[in-house]
Structure formats: structure tokens, C-alpha cells
Number of protein chains: 2
Amino acid sequence: MSTESSLWQRSRQAAYAEITVVAMRLFLEHGFEQTTIDQIASTAGISRRSFFRYFGTKEDIVLGDLASQGVLVRDALEAVPLSVGPWEALREALGAVDALEGEPGATLAIARMMYETPSLRARSIEKHLHWQALLVPNMRMRLGLAPDDVTDPAPAALVASAIACLDAAGELWTRSGGAGDLAALYDRAVASVRTAS
Amino acid sequence: MSTESSLWQRSRQAAYAEITVVAMRLFLEHGFEQTTIDQIASTAGISRRSFFRYFGTKEDIVLGDLASQGVLVRDALEAVPLSVGPWEALREALGAVDALEGEPGATLAIARMMYETPSLRARSIEKHLHWQALLVPNMRMRLGLAPDDVTDPAPAALVASAIACLDAAGELWTRSGGAGDLAALYDRAVASVRTAS
DNA sequence: GCCTGACTGGCACTGAGTGTCAAGCAGGCA
DNA sequence: TGCCTGCTTGACACTCAGTGCCAGTCAGGC
């Protein structure tokens, strides 16, 4: 069964990749909102209906990976010893996703598109909320709270603030044209949040 | 001219209120996504086309005019003396929007709908991003940076973190069924962010 | 009485997203 | 070899959000 599954999986994976490549090219060429799903489908050589069997929405093409990255971040956070403080642990966890960026040029183009397109921006923050939900349980433990204690906003606030810092750093990095180090910007953002009076 | 303007303004304001009341009743009765704009329009006694002359999207009925609320928060922040520290000033500014909440029962129902409906959640995030953009300039000044210095992520990080704390507090308040004080939850959230190691 | 400006409704259109159904294309089995 | 089964695909029709356009209408000003 695992071989059969792999076969299906592989062709499906190839289709995903094909559609993504085609769509990204169209997005970067004509803009995200200006590109219709009909264009993507016909360019990729599939029907409109089949497109929706691969991606639920147009935004998912760009942000699809973010959902799976959430699990990655959570695993990274859980790998950090509980003795490490919250901010340090979060830095470690969020660093895991930063490490797997591809070529800077493509990353910058996608990031720019994301910050300039309202629907994409909103969607990406929804994904960040998903990360938040995944990270909160560990953070709760890390703060010494009971696993079923849902009356303290601290864990969610910490995780959300860290992600907000990452977002602020990312936006600055994007607007500066990819100059500078994202990790350094993040550290500076966190430092300002923690030390401001 | 001011009288004419008032006349128009008044009837327009009345129409806004009428549509909002009708729509909210339908939303709370059948759910946000289950309610179509056709239903709202016909119940309010106007055409579908006219509805869109009052509200750009269905979400706008619930979240109100983003722009005006953003300006409110910005004005509140700018009213706080520069000598007051960032966190204290942000608390003051965000308190302005908290103050204009109506009866708790309705607020809770709306908040619950907002956290449960993806499109509404996305829109509220966009709203918060808009707030952020409006608050950053003042925060930049407050941190002693030059007005045209866009290389420091600190102002955006601080504003975004404060809003993230408000969001975390709001979600907890909603999930607890409106028990507890939102301001107290916010203070606790901010305290945890500032004092965590 | 006319003219202008704003609101309104109706119509048609695009585009996203969904449900349904028949056709095609594997692999499994006798 | 031929049939059966399960999954994918394309095609069609549909709902719903949102926009552009045009004509009717109703106010106040000249």
C-alpha cells in the first residue's frame, strides 16, 4: 500500500508543483489580483474545476506552505529545553522557518507581493494565527501554567508578540529590498518590545 | 451648506443604522455566512445595488468603518504627551476604542461571530494592520527616531505587539463568555510580554 | 418651468467557489 | 483477456460577492 500511495502521492505532488510554478510566474508577471484562476488553469493545462481540487483558494498557492511550516515551528519549539526562557525559545523556534528560505530573489518577490496584496496579507496573518494556536500549549507549559489553564492570556500574548516582531522585521526587510539580515531585524524588534518603558 | 449637508448626512446616517440593525439581526439569527446580501437588502427594503453604496462588503457591516476607527486610535495616541512611555501611551490609545463598546451582550455575540467566521477574522486583521500603519509614525517619534527613519523595526514591533496583546485578551474574553475585564486581561498580557525572560 | 446634482433601482457582467454527473484511466482479479 | 472497482478529471450549472453602466426620480436653485 505504501508504494501505491507513493505513486499517487508523487503525481499529485508533481501536479502541485506544476500549478505553483505556472501560477507564480503569472503572479509576478501580471500581479496577484490581476491573475484569474481561469488563466492559471488554462496555462497549467487543467480545467478550472480541477484547480480547485488542488488549491482551495488562489491565496493557497502562495501561502500553502505556511500551514505545514506551522508544524515545523511547533516541533522546533518543543525541541528547546523547558529551562530556556520564553523569548529565547521562540527565537529558536521561529529561526527554524527562516532557515529554509530559498533563493533570496524569489523570496523577496513573493514577500513583496504578500505585503502589497491585502487579501494575501490577511491570509498570511491567519496562517500566523494558526502557528500561534500550535505554539501556545508549549508556551503555557514553559510559563509554568497548568495545561488546561486557559484563563491566562500570557502564553498567547507572548507567542503573538513574537510573531508580530517577525512580521515587522519581515516587512522592513522586504521594503528595504532584501538588504540586511532578517534575524538581526527580528532581534532588534524583540529587544525594543522587551526594553521599552 | 452645512444645513443641506446635515440633511443628507442625517438620512444617510439613518439608512446606515437601519441596514446595520437589520443585518445584525439576520447574522445573529442565521449566521454570518448563511446570510446573503440579497436577504439583507430585501429585508431592509432597498435594492442589492443600493446596499453596496452604503457598505463596500458584507464584513463592513460588522466591523464598521475601518478608517474612522483607525483615525480615532491615532488621535488618541497623539493626544498622549510624548513624555509618556510607549507601552503606557499605547494602552491609553487602545483604550479609546474599547470605550465605545455598546451593551456587553451584543458585543460578546459580535465578538464570538468574529472569531468564528474566517472572512470576518481576516477583515479584522486588516483593520488592525491599518491601525498599525497609522500609529507607527507617532511611535517612531516617541522612541526618539527621525520621522523619515524607516530602518528600525522598533516602532512597528511595539505597535504590533500591543495590538497582538489586545487580540489575545479579546479572544480570551470572548471564549470565557464575557467574564472578566478586557482591560485587565490586556494589562496582564502586556505584563507577560514585558517581563518574560 | 427648467436645470443640475445626488440617490436609486435594474441589468448585465466578471470572478470565486461548490455540487453533480458522466467519462476515462489506472490496478486487481477471475 | 475481459470485467470490476476506485479514483481522477472535465464539463456544466449554479450561488454569491462585487462592479460598471444607464435610466428614472426627486430634491433644491435659478
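Numbered from 1 within each chain, the chains take letters A, B, ... in sequence-line order. The structure presented is a predicted model; accordingly, all values stated were derived computationally and were not measured.
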Among residues at least two apart in sequence or on other chains, which ones pass salt bridge (Lys or Arg N to Asp or Glu O under 4.0 Å) with A/Arg175?
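With sequence neighbours excluded, A/Arg175 shows a salt bridge (Lys or Arg N to Asp or Glu O under 4.0 Å) to A/Glu171, given in chain and number order.
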Suppose we screen for salt bridge (Lys or Arg N to Asp or Glu O under 4.0 Å). Which residues come up paired with B/Arg140, at least two apart in sequence or across chains?
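By the salt bridge (Lys or Arg N to Asp or Glu O under 4.0 Å) rule, B/Arg140 matches no residue at all.
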Filtered N/O pairs between nucleotides 24-26 of chain C and protein, under 3.5 Å:
none

Could you state the interatomic distance from [atom1] ([X]) to [atom2] ([Y]), rounded to the nearest 0.5 Å?
| X | Y | atom1 | atom2 | answer |
| --- | --- | --- | --- | --- |
| B/His130 | B/Leu135 | NE2 | CG | 10.0 Å |
| A/Gln34 | A/Phe32 | CD | CZ | 10.5 Å |
| A/Arg194 | B/Arg194 | CZ | CZ | 12.0 Å |
| A/Ile40 | A/Ile61 | CD1 | CD1 | 4.0 Å |

For a side chain to side chain contact (heavy atoms under 4.5 Å, CB included) with B/Leu166, tell me which candidate from B/Val190, B/Leu90, B/Leu185, B/Leu94 qualifies.
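Going through B/Val190, B/Leu90, B/Leu185, B/Leu94 one by one, the side chain to side chain contact (heavy atoms under 4.5 Å, CB included) with B/Leu166 is satisfied by B/Leu94 alone.
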Could you walk me through whether B/Trp173 and B/Leu108 satisfy the side-chain contact (heavy atoms from CB on, under 4.5 Å) test, starting with their C-alpha distance in whole Å, then the side-chain angles of each, then the deciding distance to 0.1 Å, before giving a yes or no?
CA-CA 9 Å; B/Trp173 180 82; B/Leu108 180 61; 3.9 Å; yes
Can you pull out the residues from residues 23-41 of chain B that lie within a 4.0 Å heavy-atom distance of DNA chain C?
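Residues of residues 23-41 of chain B under 4.0 Å from DNA chain C: none.
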Name the orientation class of the two ring planes belonging to B/Tyr16 and B/Tyr54 (parallel below 30°, tilted from 30 to 60°, perpendicular beyond 60°).
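Ring orientation, 0 to 90° scale: perpendicular.
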Take A/Arg48 and B/Gly45, find for each the nucleotide of DNA chain C with the closest heavy atom, and name the residue whose nucleotide sits nearer the 5' end.
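Nearest nucleotide further toward 5': that of B/Gly45.
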Could you list who else is in B/Ile125's hydrophobic cluster, with ILVMFWY side chains joined at under 4.5 Å, directly or through other members?
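Answer for B/Ile125: A/Ile125, A/Leu129, B/Leu129.
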Using heavy atoms and a sub-4.0 Å distance, could you list which residues of residues 49-60 of chain A are near DNA chain D? By number, please.
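The answer is A/Arg49, A/Ser50, A/Arg53, A/Tyr54.
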